[in-house]
Amino acid sequence: MADSVVMGSGSFNSGSRSGSSKTSTSPTDNYQLARRRTLQVVVSSLLTECGFESAEKVAVETLTEMMQSYITEVGRCAKATCEHTARSTPTLSDVVVTLVEMGFNVDTLPVYAKRSQRMVITAPPVTNAPVVPKALMAGQKRTHPSYIPGHFPEFPDPHTYIKTPTFREPVSDYQVVREKAASQRRDVERALTRFMAKTGETQSLFKDDISAFPLISAKPSAIPYLSALLPSELELQSLEETDSSEQDDQTDTENNPSHIIQDDQSADKENVVLPPGGVVPTGKANEENMIDNPYLRPVKKPKVRRKK
Amino acid sequence: VPHSGSSMNRKKDKGFEICINNINFQRKSVIGYVELTIFPTVMNLNRIKLNSKQCRIYRVRVNDLEAPFIYNDPTLEVCHHESKQRNLNYFSSAYTAAVSAVDPDAGNGELSIKVPSELWKQGDEMKVMKVYIEFSLDQPKGGLHFVVPDVDGSMAERAAHVFSFGNQNSTRFWFPCVDSYSELCTWKLEFTVDASMVAVSCGDLVETVYTHDMRKKTFHYMLPIPTAAPNISLAVGPFEILVDPYMHEVTHFCLPQLLPLLKQTMSYLHEIFEFYEEILTCRYPYSCFKTVFVDEAYVQVSSYASMSIFSTNLLHSGMIIDQTPVTRRCLAQALAQQFFGCFISRMSWSDEWVLKGISGYIYGLYLKKTFGVNEYRHWIKEELDKIVEYELKMGGVLLHPTFSGGKEKDNPTPHLHFSIRHPHTLSWEYYKMFQCKAHLVMRLIENRISMEFMLQVFNKLLSLASTASSQKYQSHMWSQMLVSTSGFLKSISNVSGKDIGPLIKQWVDQSGVVKFFGSFAFNRKRNVLELEIRQDYTSSGTQKYVGPIKVTVQELDGSFNHTLQIEENSLKHDIPCHSKSRRNKKKKIPLMNGEEVDMDLSAMDADSPLLWIRIDPDMSILRKVEFEQADFMWQYQLRFERDVVAQEEAISALEIFPTPASRLALTDILEQDQCFYKVRIQACFCLAKIANSMMSTWTGPPAMKSLFTRMFCCKSCPNIVKTNNFINFQSYFLQKTMPVAMALLRDVQNLCPKEVLNFILDLIKYNDNRKNKFSDNYYRAELIDALTNSLTPAISINNEVRTVDNLNTDVRLILEEITRFLNMEKLLPSYRNTITVSCLRAIRMLQKNGHIPSDPSLFKSYAQYGHFVDVRIAALEAVIDYTRGTHFVLTTNFLCLSFSMLGKLGPFSWSGIFFIFQLVCLLQRLYGNCSCHTKGLIVNKRNPPSCLSIQR
C-alpha cells in the first residue's frame with residue numbers, strides 16, 4: 001500500500017540511527033542501543049505471537065517506542081511511590097500500585113505470563129558492563145554498629161570521612177632548600193628563555209649551529225630609558241615583601257628613635273629654609289594645598305580684548 | 001666710557017626679551033623673536049654685531065625701523081674648497097681663525113646689522129636702541145635638542161621633549177644674542193607651548209596664560225638678575241612636576257612615569273642647599289631653582305641661571321645602591337655651579353679657571369662633609385693622579401693663558417695640537433683636565449691661606465655680586481658679577497694678607513706638573529736619614545719645582561714631620577732621627593694621629609728605627625712621586641698608617657713585592673672592617689696580582705676564597721652564599737669586587753683555576769635576592785664581569801673554525817650563564833641594563849680569546865638607536881675592540897657608516913654628536929687624542945685614520 005513511502009521513511013530513520021550510532025561510541029550509548037535492540041526483539045516476538053508475519057520497520061519502531069515509554073513510566077511511578085513512603089528501593093508492591101494506577105488489571109498478569117504460546121527470547125548477549133571506577137581504598141570499611149539496623153545503607157567509603165596521615169616530613173635542611181630553590185629558579189629561567197627564544201627572533205653566536213645558545217634578538221624600543229630605569233614589577237613586589245618582613249623582624253625600639261630624629265631634623269630644616277612669611281607644613285596631607293609654587297597655580301584665561 | 005671685558009665692545013646689553021611662540025615637535029622647528037635693548041657706549045654706533053648660528057632670520061628692526069643685515073658664519077666652511085692644504089693642522093688653525101672671527105668678546109658676531117641712518121643722530125646722543133629680530137630654527141643641529149620617540153599618540157603621550165644644550169657659550173645656536181659670558185642683561189622670556197606641555201626656563205615664572213583657542217599656553221618668565229646669554233636655557237616637555245617638600249621654591253621636573261624615581265632622587269637636595277648656604281654664609285642667589293631631567297642629555301649635568309638640566313639616567317629608585325652617590329655628586333656639582341658659573345660669571349675665557357676652581361673646590365668640601373674625609377682624600381688623590389697622568393702624556397694644562405697677539409708664534413701651548421684660545425677649539429678631554437686642575441689649585445691656595453680665609457673670599461665675591469645684581473642698570477656696577485683672575489687674587493690678598501704670587505705663577509700661569517723620584521739611606525753612625533729627592537723637569541708636561549716640601553717619617557718613637565726646601569742644586573737632605581735603633585720590644589708605637597699601637601717589629605731592619613717615609617703626604621704639590629723603600633716598610637705603612645692615600649700608595653707599591661709578608665698584610669687589610677672600603681677593594685686586585693706572581697709557592701686555597709667564604713657564605717654550608725642582604729654598603733662593595741678580583745687568578749698553565757671558576761658559577765647559581773631591600777643588578781653584573789675575567793685564550797689548533805662542538809667545557813658553562821642572563825634581561829630588564837652591558841663585554845671577550853667566532857654583528861644590533869645608552873656604548877666599545885684586530889678596514893667602514901647612520905636617524909645633530917662624542921672617547925683610547933665639540937668633530941692627531949678626517 002504505502003510501502004514505498006514507509007520504506008523510504010524507514011530507510012531514512014535507519015540511516016539517521018546508523019549515523020548516530022557511528023558517531024556515538026561511548027559505553028552508555030552502546031548500552032542504550034543494546035536495550036533498544038532487545039526491546040525490538042520483544043516487540044517482534046509479540047507480533048509473531050499475535051500472528052503477524054512481517055511488519056514494516058517503522059511500525060516496529062513505533063511499537064518499540066511505546067513499549068519503552070510504558071516501561072519507563074512504570075519505573076518512574078514505582079520510584080515515586082516508593083520514595084513517597086520514605087524508602088529508596090521500589091518493592092513489588094510499589095510496582096503493583098503503579099500498574100493499578102495506570103489502569104492495568106494486575107490479576108491478568110499471571111495468566112498472561114503462563115500462556116502456552118509464548119515465545120522465549122534468549123538473553124541478550126552480555127555486553128561489557130560499563131566499568132565502574134574502583135573506589136579509592138583507604139583504611140578498613142566500617143561495619144554497622146549494633147544500634148543501626150542492618151537494612152540501613154552501608155557507610156560510605158572510608159576515604160570520604162577519615163583523615164589520611166602523610167608520613168613524609170617536609171625537608172628542612174638549609175642546604176637542600178637552597179639547592180632546590182636555586183635549581184628550580186634556574187630551570188624556570190632556562191625554560192622560559194628557551195621558550196622565548198624559540199618563539200621569537202633570535203641571534204646566534206655560532207654560524208654552524210644557529211640553535212645553540214640562542215639569544216633573543218635585540219629590539220630597539222622607542223623609549224629605552226623607561227624599562228632601564230623603572231624597577232620591574234617583580235622587584236617592587238619583592239620589596240614590599242621584604243618591607244613587611246623587616247618590620248616583623250625588627251623591634252619597635254630599633255625603628256622609632258631614628259624616625260623621630262629624622263622628623264625633628266626635617267621640621268627644623270623647613271623652618272630654616274622657608275622664608276619667615278612662608279607656611280610651615282604641618283601635615284603631609286595638607287601640604288599640597290598650602291604650597292605656593294608658580295607651577296602649581298592654575299593657568300589663567302586669556303584676556304578678552306574689548307571690541308571698539 | 002667705562003667698559004668691562006673687551007675694549008672692542010661698542011655696545012652693552014641692558015635688557016633682553018625672547019619670545020618663542022611656536023615649537024613644532026613634528027618638524028623639529030621653532031619660531032620666535034628676540035628684542036634687545038642696547039645701550040651704546042661709543043658715538044656713531046652704526047653697525048651692531050650679534051651672534052647667531054643656524055637660525056633663519058626673517059627681519060630685523062631697530063627702533064621700529066627695518067634694518068638691513070648680513071649673516072655670515074665662517075665656521076660653516078672652515079677650509080675653502082680651493083685651498084690646497086688638506087691636513088688637520090691646517091684645519092685646526094683655520095678653525096681657530098674662524099671662531100675668532102665671530103668671537104663676541106672681541107665685539108664680533110655672525111650677524112651684522114646696519115643701524116638705519118635715521119638713527120645715527122640718536123646714536124650720537126647715546127640713547128637706548130631696541131633691536132627686534134624675528135627668527136626661526138629648523139631641525140637644529142646644536143643648541144636645542146628634540147627628543148621625539150617614535151610611538152603612537154600625541155606628542156605629550158609620546159614623552160616628546162626639547163631642551164637647550166651646548167658646550168660653553170652656544171646659546172647663539174638657538175636664538176640671536178651676544179653669546180658671551182661677560183655681557184650681562186636682565187631677561188624676559190616667553191614660551192608658547194602645547195597645553196599638555198610645560199616650558200621650564202630661567203628666572204621666575206610670572207604667569208601661565210592660555211592662548212585664545214585654549215589649546216596652547218604661554219609661560220612668562222622674568223629674570224631680574226643680570227645674566228649672560230650662555231646661562232639661559234629652556235626645556236619643554238610633558239613633564240611631571242614635583243615641588244620639593246623641604247623647599248617650596250624649588251621645583252623638579254621629570255619625564256612621564258618617572259615621578260616616583262624623581263621623589264627618591266631629590267629627597268636629599270635640601271641638604272646640599274643648606275651646606276653651600278652655610279659655608280658661603282650666603283643665601284642661594286636666585287629666588288627659585290628648577291631641576292629638569294631629560295633624555296639623551298649631552299652631559300650628565302649642565303647648570304644655567306636658576307635651573308639645571310640633568311640626564312634622566314641619573315634618576316634611581318630607593319633600591320639602587322651604586323647610582324645613589326653618583327647622582328648626589330652630580331646634584332652637588334650642579335648646585336655649586338649655580339653660585340660660581342651662573343650667578344657669578346667670568347670676565348673672559350682666561351678667567352674660566354677661577355669659576356671652575358671655586359665650584360669644584362666647594363663641591364669637594366661637600367664631598368668631605370657628606371661622604372667623609374676618607375672619600376674626600378681618595379677623590380683628591382684620584383684627581384691628582386688623573387691630571388698628572390694626562391699632563392705627562394699629553395703635555396701641560398695651562399689654567400690662565402695670556403694671548404699677546406694673534407700670531408701662531410705666540411701660542412702659549414705649542415705642545416698641544418689644538419688652540420686653547422677659545423672654548424670651542426679645545427679638546428674635550430683637555431677641558432675636563434682643566435677643570436680637574438682648577439679645583440686642585442684652589443685646594444693648594446686653601447692650604448696656603450687656610451679654609452677660613454678662602455670661604456671669606458668666596459663670601460666677599462658673592463656679596464659684592466648680589467649687591468650689584470640688585471642695582472638698576474649701571475654699566476660699571478654689573479661688572480662686579482664677573483670674576484677675573486686679577487680680581488680674585490686681589491681679594492685673596494686683601495682677605496688673607498698673604499702673598500700667593502709664587503703659587504699662582506707656578507700652577508696657574510705655567511703649565512706642567514712635578515715629577516719626583518725619592519730614595520733614602522739610613523746613616524747609623526750619625527743616626528741620620530739621608531733622603532735624596534730628584535726631579536725630572538725635562539720631559540713633556542713637567543716643570544721644575546723650587547720651594548718647601550713636607551716629608552713625614554714614622555719612626556719607632558713616633559711620627560715626625562719635616563719641611564725640606566727643594567732648591568736648584570741640592571738633591572740630598574739629611575733628616576736627623578729621633579729614635580734609637582735599639583728598640584724596646586714592649587713599648588707601643590705612637591702614630592701621627594696620636595694612636596698608640598702594638599707592632600710586630602720582627603720584619604724590620606734591626607739597625608734602623610725607620611718604619612716608613614712619606615713625601616708630600618698632604619698632596620700640596622701637583623706631583624707624581626716615585627719613592628723607593630723596602631717591602632716591609634710599605635707593609636708597615638699599609639697596616640698602620642691611617643691615611644687612606646698612604647694605604648693606597650702602599651698597595652700599589654706592594655704589587656712588585658710578591659712575598660708571603662705582602663700577602664699577609666693585604667689579607668689583614670681586607671679583613672679589617674674599619675678600613676676604608678675603597679682601600680680594601682684595591683687590596684683585592686693587588687692580592688690577585690701577587691698571588692699570580694707567587695703561583696709556584698702559593699699554599700692553601702686560592703687567594704680570597706676562604707675570606708669570602710667566611711664573610712659571605714653560610715656557616716653550615718660554606719659552598720653556598722648567604723641570601724643577599726646589602727644593608728651594609730661596605731661589605732656590599734667588597735662582596736661585589738672580590739669575585740672579580742679572584743677571577744684574575746691563574747694557575748701554572750695560565751688558566752683560571754677550576755676551583756675559582758666553579759666558585760663563581762656557584763655564586764651565580766645560589767644568588768638569592770628575594771629577601772633583599774636593594775636591587776642586586778650591579779652585583780650580578782659584576783659576577784658576569786668575574787666570568788669575563790676568568791677567560792683565557794683558547795688553545796687553537798691550525799686556526800680551526802670555532803664551532804659549537806669543539807667548545808671547551810668550562811666555556812660552555814660560562815656561555816650558558818651569559819646566554820641565560822642576556823635573555824632574562826629582555827624579560828626583566830635590570831636598572832640601567834647593567835647586565836646586558838656586562839654580557840656584551842663577556843661575549844666580546846669570548847670572541848677575542850678565540851672561544852667563539854669573532855663577529856661584530858651582534859654588537860652592531862645593540863649599537864642601534866633605541867637601546868639604552870649604556871648598552872649602545874658597550875656595544876660600540878665591542879665593535880671598536882673588534883677593529884683592533886685584523887678587521888680594521890672593515891669596521892672603520894661600519895663606524896663611518898654609524899656616523900652617517902646616526903645622521904639619518906631622527907635627532908641628527910644631537911644623537912649624532914652625542915655618539916661621535918662617545919666614539920671619539922673610545923677612539924681616543926685607540927688612536928690617541930682627539931677632540932670634539934658641539935659644532936662637529938675634529939680629530940686632531942698627527943696621524944689620524946683617513947676615514948675620520950672625512951668627517952669634517
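Note on naming: letters A, B, ... go to the chains in the order of the sequence lines (proteins, then strands), and numbering restarts at 1 for each one.
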If you count heavy-atom pairs within less than 4.5 Å of chain B, which of I223(A), L192(A), T202(A) leads? I223(A)
Can you say whether [X] sits under 4.5 Å from chain A via the side chain, the backbone, both, or neither, judging by heavy atoms?
| X | answer |
| --- | --- |
| I843(B) | side chain |
| K217(B) | side chain |
| H867(B) | both |
| V871(B) | neither |
| E816(B) | both |
| S317(B) | side chain |
| L827(B) | side chain |
| C288(B) | neither |
| V148(B) | neither |
| L822(B) | side chain |
| L807(B) | side chain |
| S830(B) | backbone |
| E817(B) | side chain |
| N777(B) | neither |

Is it the case that over 12 heavy atoms from other parts of the model lie below 6.0 angstrom from the [atom1] atom of [X]?
| X | atom1 | result |
| --- | --- | --- |
| K219(A) | NZ | yes |
| R194(A) | CZ | no |
| D152(B) | CG | no |

Could you tell me whether a side-chain N or O of N293(A) sits under 3.5 Å from a main-chain N or O of H248(B), the two making a donor and an acceptor? yes
Check whether R178(A) reaches the backbone of Y766(B) with its side chain - one donor and one acceptor, N or O, closer than 3.5 Å. yes
Just so I understand: if I count every heavy-atom pair under 4.5 Å between each of V151(B), T312(B), D150(B) and chain A, which residue has the most? T312(B)
Among P260(B), S716(B), C714(B), single out the residue with the greatest number of heavy-atom pairs under 4.5 Å to chain A. C714(B)
Against chain B, label [X] side chain, backbone, both or neither, depending on which of its atoms sit under 4.5 Å from a heavy atom there.
| X | answer |
| --- | --- |
| Y174(A) | side chain |
| Q203(A) | side chain |
| S221(A) | both |
| R297(A) | side chain |

Which label fits F253(B) and Y295(A): parallel for a plane angle under 30°, tilted from 30 to 60°, or perpendicular past 60°? perpendicular
